[in-house]
Structures are given as structure tokens and as C-alpha cells.
Amino acid sequence: MIRVADFMAGGGGSSQGILCVPGTVLTVVLNHWQLAIDSHQLNFPGAQHECCDVSQADFRRFPYVEILWASPECTHHSVASGRKRIQLDQVPDEHGEVLPADAAERSRATAWDVLRYLERMLLRGRPVLGGIVENVVDFQRWNLFDAWRKGFELLGYDVEIFYINSTHAHSRRALWAPQSRDRMYVGYWHRSLGRRPLWEKWLRPHATCPDHGAVRGRQVFKRTDREPWGCFKSQYAYHCDRPGCDHTVEPVTLPASTTVDWSLPAQRIGDRKKPLAEKTMACIRDGLERYARHLVVPVEGRLGKQAKPLDEPARTMTTRRETGVAFTPFVAELRGGASKHRSTEDPLCTVTASGNHHGLVTEDLAVAGQDLALPYYGNSRARPLSQPLGALTTVDRYALLKAQIEAENCLFRMLEPEEIGRAMSFREGYRLLGTKRERVRLLGNAVTPNAAEILMSALVECITGEDIEPSLALCA
């Protein structure tokens, strides 16, 4: 068995991905937050757990492992500074919850501790064979990054850097992540292995090419005058991997709707005792402008009937009152970010540790306005499209009056930690301790298991020399 350590393990996403790879065993887990350690130990009772400031850990007393996974402190490398994060922790959420001080990203665990452990094992005469360091994309812009990377080379390691969006990490065993989450991964392996991991085998997502059908996506960075760096779409895209084909392809992804428990109730916005912030309301109204494409929805329950947008030909109207009007649900993104809202047909935006910022907006069908067929000849009255039209004559006599969906009439609720867990690709039944806000912090700090699985698979193949089967195109 290949022994693996998980430093700064958080809620346990990386550990789940590690154990999805055949032949691995989790032996040592470190984190500075006691709640994270308690939650992790609940799910991985066989591993040795240590709650400590990792920068002060005495690695002379720690066991040897073949692979080290580490997720060092990232707030000072990201566009959101640590000071701002701590301030957000003390802002009550909609349930009045704040985070305790030891949950803040003030841990002194840094990237240098990875090198400390590797050096200590090397002094024992048994080098760690490989590992992964996970961080935010801006980690490479740290002013000491080149010196830190040089440290691996001096200890006998080769290094490669990868930029992966979790929604494109097509794992075989871990759930796929219906979330757009850009992260940087530093892969390293000891030169004594005598071979390089086959990273390309694992980092090319399934996609569809207009000429070749089902293919794998080949990552192509837009700028060639610098070292590869950045996020999906902004700095890189995927092209068809077939020789001679340069079509841009879109990797297969899961929609955000797969994370939502549609049975959970939501509250009408206009009935809330505490009104939503004006910025949130503006975000919802903006989302309605984009996603409230009304649908003519058959509701009588007969087979063969499908909803159609109102800007497409309507289905045959009958004498039954059998058609309603709805709009596509969307997720309003609170607390800023690169976007304000996303359809539930797209992956979620990045889950962060600063608190729950995903609000589900749906239509309250009991109070929703209906589109009207408005006659403008004769004495007939306007009638909703849920009722049959009047007798049609040779004169063009009906106009469509579109109802306005008011934000106050929409239903709204924040996503639950369990739903956020599904967006993070956490397995069903995984248990996290603490308040809702603390559980969201554990999830937002985590690595998505699907990303951990594909990277670990490449390393384990390199170490053992045994082939591991990658994911199937429809393994989701």
C-alpha cells in the first residue's frame, strides 16, 4: 500500500479523492482548526490526526509516507486578503452565526512546511516519492514562488504546474463537481523513480468536437509569451486532441441543478421579516431579466407533453385548463465575485470559505403573473395562456401581453451545506460537524475530491508502474 499524508486537510475533500485511487492508505492528517480535525476523524478514523500549527510541527516524530498532499494557507496569495477574510468571519449570516477565531485563515501553516517535511524524510534516508501542493491560481504570483519551487529541485524533485477547473476533473470514482472552481496544483516526483507521471492522460477532460465527436480536450493557453498561468476561459481553453484538429471544444460538465434538493421549501421574498439587502435584490432582478424566459408548461400530467418557451410556437390548446407559466431557476451570487448570477443549467460559481453566498431563486407559481392573450377586436376579454383561446377568425386579432415577474414574488433560500457539499463533489453521507456556517467554511476550504483523484492517479501510476483505468465519458 502507498502511504499518504494530508497536510492542512480542512474538511477532507482531498482525503476522499486520495482514497478513491486503488492501493492508497491515508496515514497522517494535519490541520490547525480543531473542528476540522474532529470532522475529518469522524470520516477517516483509521488515520493519525494532529491539530497543530503546522509551521511549529516537529517532523522528526512524524511517520514516513510515499506521497504528501498539502493545501497551504492561501489568503495572502489570493485577491481576497487574510484581513478581509477575518472581518467577513465576524459578520453574522442570515442565521446570526459568526465563525470562531480559530476558524480564521490566520494559521501560520505555509508552503515552506512542505519542503521542511520533504527534507526531514530525506535526512532519514527515505525520500518522499511524490506529492501535490494545491492553492489558488494567484499562488504563482507570490514573490517567493520561484525560490520555493527551486527548493524542490534542490531536494531531488522534478516539478510541473497545472491549472484545473474542478468542473473539468473527470474522475472515475469521486463524484464530478458541478462547480466552476479554478485552482493551481504543483505536482512533484522524486528523480529516483526514473520516470515522469502521465499527467496528460488524467488532465484531458471529455468533450465533443464538431468533426470527431467524443474526444478529449487539450488545454491551450491564449498567451504564448509567458509561462502558462490562469483560469478557464479567461486565460485558456480546450481544443480537440485529434491530430491536425484545432477546434475549440467545451468539456462535459454537470449543471448546478444536480446539487439542489428541490423538495426543500423556500420563502417568498416579499414575505421575509428581514428584507434582503438592496444589492441582493438588484442581483435577483438582473437575474430575472436574463433567465425569466417564460415557458408554456403543460400541467395536466399526460405523457408526451413538453414545456415550450413563449417565443416558440405553442402547443395545441384544448378545452382543459392545463397550461401554466414558469421560468428557469437561477442562483444569485452574494458577496461579489466575477459574476452575479448563474442558471442552474450551468456549474455553480466557486464555493468559498467566507460564508454561504449561493441563493436559489425560483418562481412562486401561486402568485406568479401569467402571460395574457389580448384580443384587440370585438368585445372579448384578455385571458391567460392557461386557458383556451377564443375562436380564431380570418383576422389577426390576438396579441401577447407578457406578465412582469416581480422579484418580491419569487421564492428564495440559501443553499444548504449538504447541497454545497454536492457542489464540492463530496460523497453522499459525508459528515461535517459544527454550525451551518462552520460547515460551509469546511467545504469552502476543501479540495474537490474529483480533482484530487485524477492527480493522485497519475502519481500512483508513476510510483507503482501499474496502469489505472481513467474515467468513462458518461461517468458522472
(request) Please work out whether the ring planes of Tyr236 and Phe221 are parallel, tilted or perpendicular, with thresholds of 30° and 60°. (result) tilted
(request) Quick one: pull up SG in Cys51 and CD1 in Ile37 and give me the separation to the nearest 0.5 Å. (result) 5.5 Å
(message) Please check if the number of heavy atoms outside Lys233 that lie under 6.0 Å from its NZ is greater than 12.
(response) no
(message) For a side chain to side chain donor-acceptor pair (under 3.5 Å) check, start with the C-alpha distance between Asn165 and Ser180, then their side-chain angles and the critical distance, and finish with the verdict.
(response) CA-CA 6 Å; Asn165 190 299; Ser180 179; 3.0 Å; yes
(message) So that I can tick it off, tell me whether Arg218 and Glu200 are bridged by a salt bridge, with the cut-off set at under 4.0 angstrom between side-chain N and carboxylate O.
(response) no
(message) If we ignore hydrogens and angles and just use 3.5 Å, is the side chain of Glu453 paired with the main-chain N or O of Arg172 as donor and acceptor?
(response) yes
(request) Could you tell me whether the side chain of Glu66 reaches within less than 4.5 Å of the side chain of Arg3, counting heavy atoms only? (result) yes
(request) Look at the side chain of Tyr157 and the backbone N and O of Val128, then say whether any donor-acceptor pair between them is shorter than 3.5 Å. (result) yes
(message) Looking at Arg60, I'd like to know if its CZ atom is crowded, meaning that more than 12 non-hydrogen atoms belonging to other residues, nucleotides or ligands lie closer than 6.0 Å.
(response) no
(message) Any donor-acceptor pair under 3.5 Å linking the side-chain atoms of Asp38 with those of Gln34?
(response) yes
(request) Would you please test Phe44 and Leu19 for side chain to side chain contact (heavy atoms under 4.5 Å, CB included) and show each step? (result) CA-CA 10 Å; Phe44 304 96; Leu19 294 183; 3.6 Å; yes
(message) For Ala266, is there any backbone N or O sitting under 3.5 Å from a side-chain donor or acceptor partner on Arg413?
(response) no
(request) Kindly state whether the ring of Trp202 and the ring of Phe162 have centres lying under 6.0 angstrom apart. (result) no
(request) Please examine the side chains of Phe152 and Leu115, heavy atoms only from C-beta on, and report whether any two atoms are closer than 4.5 Å. (result) yes
(message) Test your reading of the model: is there a side-chain donor-acceptor pair from His170 to the backbone of Val252, 3.5 Å cut-off?
(response) yes
(message) Between Lys436 and Glu418, does any NZ, NE, NH1 or NH2 come within less than 4.0 Å of an OD or OE carboxylate oxygen?
(response) no
(message) Testing the basics here: between Tyr64 and Arg124, what is the closest heavy-atom pair and its distance to 0.1 Å?
(response) N-NH1, 3.7 Å
(request) Identify the heavy atoms of Ala47 and Leu26 that sit nearest to each other, and give their distance. (result) CB-O, 3.6 Å
(request) Determine whether Arg204 and Asp241 make a side-chain contact, defined as any pair of heavy atoms from C-beta on separated by less than 4.5 Å. (result) yes
(request) Would you mind reporting whether Arg191 and Asp158 have side-chain heavy atoms less than 4.5 Å apart? (result) yes
(message) I'd like to know if Glu416 pairs up with Arg439 as an ion pair, taking the criterion as any Lys NZ or Arg NE/NH1/NH2 lying under 4.0 Å from an Asp or Glu carboxylate oxygen.
(response) no
(message) Quick check for you: to the nearest 0.5 Å, what is the distance between Ser14 atom OG and Leu455 atom CG?
(response) 11.5 Å
(request) Measure up the Tyr238 and Phe232 rings against each other and bin them: parallel (under 30°), tilted (30 to 60°), perpendicular (over 60°). (result) tilted
(message) Looking at Arg149 and Asp146, is any side-chain nitrogen of the basic one under 4.0 Å from a carboxylate oxygen of the acidic one?
(response) no
(request) I would like to know whether Met281 and Ile269 meet side chain to side chain contact (heavy atoms under 4.5 Å, CB included); could you show each step before the answer? (result) CA-CA 9 Å; Met281 291 299 293; Ile269 292 175; 3.8 Å; yes
(request) Take Trp112 and Ser55 through the side chain to side chain contact (heavy atoms under 4.5 Å, CB included) test and state the conclusion after the steps. (result) CA-CA 8 Å; Trp112 296 108; Ser55 67; over 6 Å; no
(message) Check whether Arg216 reaches the backbone of Pro205 with its side chain - one donor and one acceptor, N or O, closer than 3.5 Å.
(response) no
(request) Could you walk me through whether Glu408 and Arg285 pass salt bridge (Lys or Arg N to Asp or Glu O under 4.0 Å), step by step? (result) CA-CA 10 Å; Glu408 289 75 14; Arg285 293 189 183 101; 3.1 Å; yes
(request) Tell me whether the guanidinium CZ or amine NZ of Arg120 lies under 6.0 angstrom from the six-membered ring centre of Phe59 and within 45° of its axis. (result) no
(request) Mind listing the closest non-hydrogen atom pair of Glu438 and Thr435 along with its distance? (result) OE1-N, 2.9 Å
(message) Can you tell me how far apart CZ (Arg173) and OG (Ser471) are? Round to the nearest 0.5 Å.
(response) 13.0 Å
(message) As an exercise, state the distance from CE of Met456 to CD1 of Ile454, rounded to the nearest 0.5 Å.
(response) 12.5 Å
(message) I need the minimum non-hydrogen distance between Gly17 and Ala452, along with the two atoms involved.
(response) CA-CB, 3.9 Å
(request) Would you mind reporting whether Lys201 and Pro470 have side-chain heavy atoms less than 4.5 Å apart? (result) yes
(message) Looking at every non-hydrogen atom in both residues, tell me the closest pair between Leu68 and Tyr188 and how far apart they are.
(response) O-OH, 3.2 Å
(message) Would the distance check show the side chain of Thr24 and the main-chain N or O of Ile18 forming a donor-acceptor pair, the cut-off being under 3.5 Å?
(response) yes
(request) Report yes or no: does Asn450 contribute a side-chain atom to a donor-acceptor pair with the main-chain N or O of Ser166 at less than 3.5 Å? (result) yes
(request) Flag the pair Gln219 / His168 as yes when at least one side-chain heavy-atom distance between them is below 4.5 Å, and no otherwise. (result) no
(request) Check whether any side-chain N or O of Gln48 sits under 3.5 Å from a backbone N or O of Thr27 as a donor-acceptor pair, and report yes or no. (result) no
(request) Answer yes or no: is there a side-chain heavy-atom contact under 4.5 Å between Leu459 and Val21? (result) no
(message) With a 6.0 Å cut-off on the ring centroids, do Phe62 and Tyr117 count as close?
(response) no
(message) How long is the straight-line distance from CG of Asp6 back to CD1 of Ile67, given to the nearest 0.5 Å?
(response) 12.0 Å
(request) Say whether, by atom type as modelled, one donor and one acceptor occur between the side chain of Glu419 and the main chain of Asp261 under 3.5 angstrom. (result) yes
(request) Using the side chain to side chain contact (heavy atoms under 4.5 Å, CB included) rule, take Ile161 and Trp229 through it: C-alpha gap first, then chi angles, then the decisive distance, then the call. (result) CA-CA 9 Å; Ile161 299 172; Trp229 172 88; over 6 Å; no
(message) Using side-chain heavy atoms (C-beta onward) and a distance below 4.5 Å, is Arg181 in contact with Thr167?
(response) no
(message) Once rounded to the nearest 0.5 Å, what's the spacing between atom CH2 of Trp148 and atom CG of Asn143?
(response) 14.0 Å
(message) What I want to find out is whether Lys150 reaches Glu153 closely enough, with some N-O distance under 4.0 Å, to be called a salt bridge.
(response) yes
(message) I'd like to know if the side chain of Asn43 and the backbone of Tyr430 have a donor-acceptor N/O pair within less than 3.5 Å.
(response) no
(message) Testing the basics here: between Pro22 and Val460, what is the closest heavy-atom pair and its distance to 0.1 Å?
(response) O-CG1, 4.0 Å
